[in-house]
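Here is the structure we will look at.
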Amino acid sequence: MAASLRLRGAASGLRFWSRRQRPAVASLAVVCSRSMASKTPVGFIGLGNMGNPMAKNLMKHGYPLIIYDVFPDACKEFQDAGEQVVSCPADVAEKADRIITMLPTSMNAIEAYSGANGILKKVKKGSLLIDSSTIDPAVSKELAKEVEKMGAVFMDAPVSGGVGAARSRNLTFMVGGVEDEFAAAQELLGCMGSNVVYCGAVGTGQAAKICNNMLLAISMIGTAEAMNLGIRLGLDPKLLAKILNMSSGRCWSSDTYNPVPGVMDGVPSANNYQGGFGATLMAKDLGLAQDSATNTKSPILLGSLAHQIYRMMCAKGYSKKDFSSVFQFLREEETF
């Protein structure tokens with residue numbers, strides 16, 4: 001991988017822990033043949049909180065899987081179910097010509113694609129590579145260039161909806177890449193999500209995701225602040241949530257993913273903020289938004305403040321908790 005890509009990825013990763021021409025080999029005939037071979041093996045790399053249920057939904061649709069995760073224990077239940085587990089991303093590429101990656105950071109994605117045992121070491125010409133990680137749009141564009149050199153197709157397709165939506169196949173995929181390839185990607189992504197939206201050239205999927213997550217972080221902090229204030233004013237939290245959700249303050253953070261323990265079942269706040277979308281990952285995504293805002297000279301006053309709050313949370317022991325634990329953080333933070 002080019003030095004510029006490694007430096008850019010390293011900068012994104014250390015903070016916390018395209019316009020592409022269609023390749024000649026990726027002809028319409030290749031795309032059509034991929035669609036017709038619908039039950040040929042699919043590679044899946046990254047079996048974390050999101051990747052695990054996504055891969056399971058592919059299994060439910062009859063796709064044999066070629067699996068890899070940096071943590072072998074994450075692969076065990078798939079291996080027990082008869083799926084093939086391999087030792088590195090390159091081996092996935094050797095055995096499958098359609099691969100989905102779901103990784104935490106830009107650095108992880110760079111390593112999976114262009115590392116010593118990365119996908120690009122053994123990728124087949126005409127392969128379809130779909131990255132559902134949330135990473136720097138510039139890194140997605142650089143990866144697309146490297147993939148194109150190998151005669152394969154790269155698309156960025158980050159997701160929204162959280163672990164619950166991943167389990168229930170209700171994710172939203174925001175897809176960037178050559179439009180002629182969208183149908184081939186949609187075939188697979190539709191097995192894992194209820195909305196698959198084409199956004200434009202490579203990197204636009206990431207752009208949409210970064211904007212969405214910035215708004216999500218802001219709305220979660222706002223919901224947590226409103227709930228905290230109401231509770232301290234003597235309101236029952238369930239009653240307050242009910243009022244918010246029938247009023248103009250209603251949002252996803254209040255009606256689907258409420259951050260207050262005891263208000264809703266089946267969300268991280270009901271389970272000591274375990275599972276879900278980690279505060280570290282939200283801080284990482286807000287860092288990506290901050291970088292993008294700087295590059296485009298866009299004012300994101302609330303986005304920048306949200307970034308600071310989540311960085312503070314991570315520094316004070318919340319890094320492994322779900323991002324809705326901002327409610328607990330605000331309750332305990334005397335300086336606010």
Side-chain angles (χ1 to χ4, degrees), residues 1-20 50 101-114 130-147 154-162 171-178 197-222 251-253 277-314 319 323 326:
M1 178 63 68
S4 62
L5 174 55
R6 292 197 180 279
L7 289 172
R8 191 179 294 115
S12 298
L14 290 175
R15 211 175 348 262
F16 297 104
W17 184 120
S18 48
R19 52 48 347 214
R20 197 169 62 84
M50 294 292 290
T101 52
M102 187 63 173
L103 303 162
T105 68
S106 295
M107 290 182 71
N108 297 135
I110 292 169
E111 182 65 23
Y113 280 88
S114 63
I130 303 172
D131 182 37
S132 287
S133 317
T134 299
I135 62 176
D136 188 332
V139 173
S140 290
K141 292 176 182 179
E142 293 287 351
L143 286 174
K145 291 178 183 177
E146 297 299 317
V147 169
F154 178 92
M155 304 190 85
D156 59 305
V159 305
S160 179
L171 291 169
T172 292
F173 286 88
M174 293 151 271
V175 184
V178 177
V197 182
Y198 180 70
C199 299
V202 169
T204 56
Q206 297 294 350
K209 176 60 187 295
I210 288 170
C211 293
N212 179 80
N213 273 25
M214 183 179 72
L215 179 58
L216 173 61
I218 294 168
S219 67
M220 180 58 77
I221 293 169
C251 62
W252 188 86
S253 296
F277 185 64
T280 298
L281 292 176
M282 180 57 85
K284 180 264 295 184
D285 289 357
L286 288 166
L288 295 175
Q290 186 71 69
D291 288 346
S292 297
T294 299
N295 292 337
T296 59
K297 297 181 173 59
S298 303
I300 53 164
L301 305 182
L302 294 179
S304 295
L305 181 57
H307 187 203
Q308 293 179 38
I309 290 171
Y310 276 99
R311 291 181 67 185
M312 289 173 61
M313 286 176 61
C314 292
S319 60
F323 80 106
V326 66

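- Side chain of S304 to backbone of L301: no donor-acceptor contact under 3.5 angstrom is found.
- Judged by distance alone, with hydrogens and angles left aside, the side-chain atoms of S132 form a donor-acceptor pair with the main-chain N or O of A157 at under 3.5 Å.
- Between the K209 side chain and the V159 main chain, a donor and an acceptor come within less than 3.5 Å of each other.
- Atom CG of L288 and atom CG of N213 lie 9.5 Å apart (nearest 0.5 Å).
- In this structure, the separation between CE on M282 and NZ on K284 is 10.0 Å, given to the nearest 0.5 Å.
- Exactly one of L171, I135, T134, N212 qualifies for a side chain to side chain contact (heavy atoms under 4.5 Å, CB included) with P158. That residue is T134.
- Listed for the S140 side chain is no donor-acceptor partner under 3.5 Å among the backbone atoms of D156.
- The closest donor-acceptor contact from the side chain of Y198 to the backbone of V178 lies at 3.5 Å or more, if one exists at all.
- Residue H307 is tested with D285, L286, L302 for a side chain to side chain contact (heavy atoms under 4.5 Å, CB included); the sole match is L286.
- From I210, atom CD1 reaches atom CE of M174 across 10.5 Å, with rounding to the nearest 0.5 Å.
- A side-chain donor-acceptor contact under 3.5 Å links S219 to the backbone of L216.
- Between the CG atom of N108 and the CE atom of M102 there is a distance of 12.0 Å, given to the nearest 0.5 Å.
- Between the S319 side chain and the T280 main chain, no donor and acceptor come within less than 3.5 Å of each other.
- Distance CD/Q206 to SG/C199: 10.0 Å, rounded to 0.5 Å.
- Ring orientation note: the planes of Y113 and F154 are nearly perpendicular, at an angle over 60° on the 30°/60° scale.
- Across every non-hydrogen atom of F323 and Y310, the tightest pair is O-OH, 3.0 Å.
- Counting all heavy atoms, side chain and backbone alike, P137 lies closest to G203 at CB-O, 3.8 Å.
- A pairwise comparison of heavy atoms in D131 and A109 identifies OD2-CB, 4.4 Å as the closest pair.
- Annotation: the span from M50 atom CE to L103 atom CG amounts to 12.5 Å, rounded to 0.5 Å.
- Residues satisfying the side chain to side chain donor-acceptor pair (under 3.5 Å) criterion with T172, sequence neighbours excluded, are N195.
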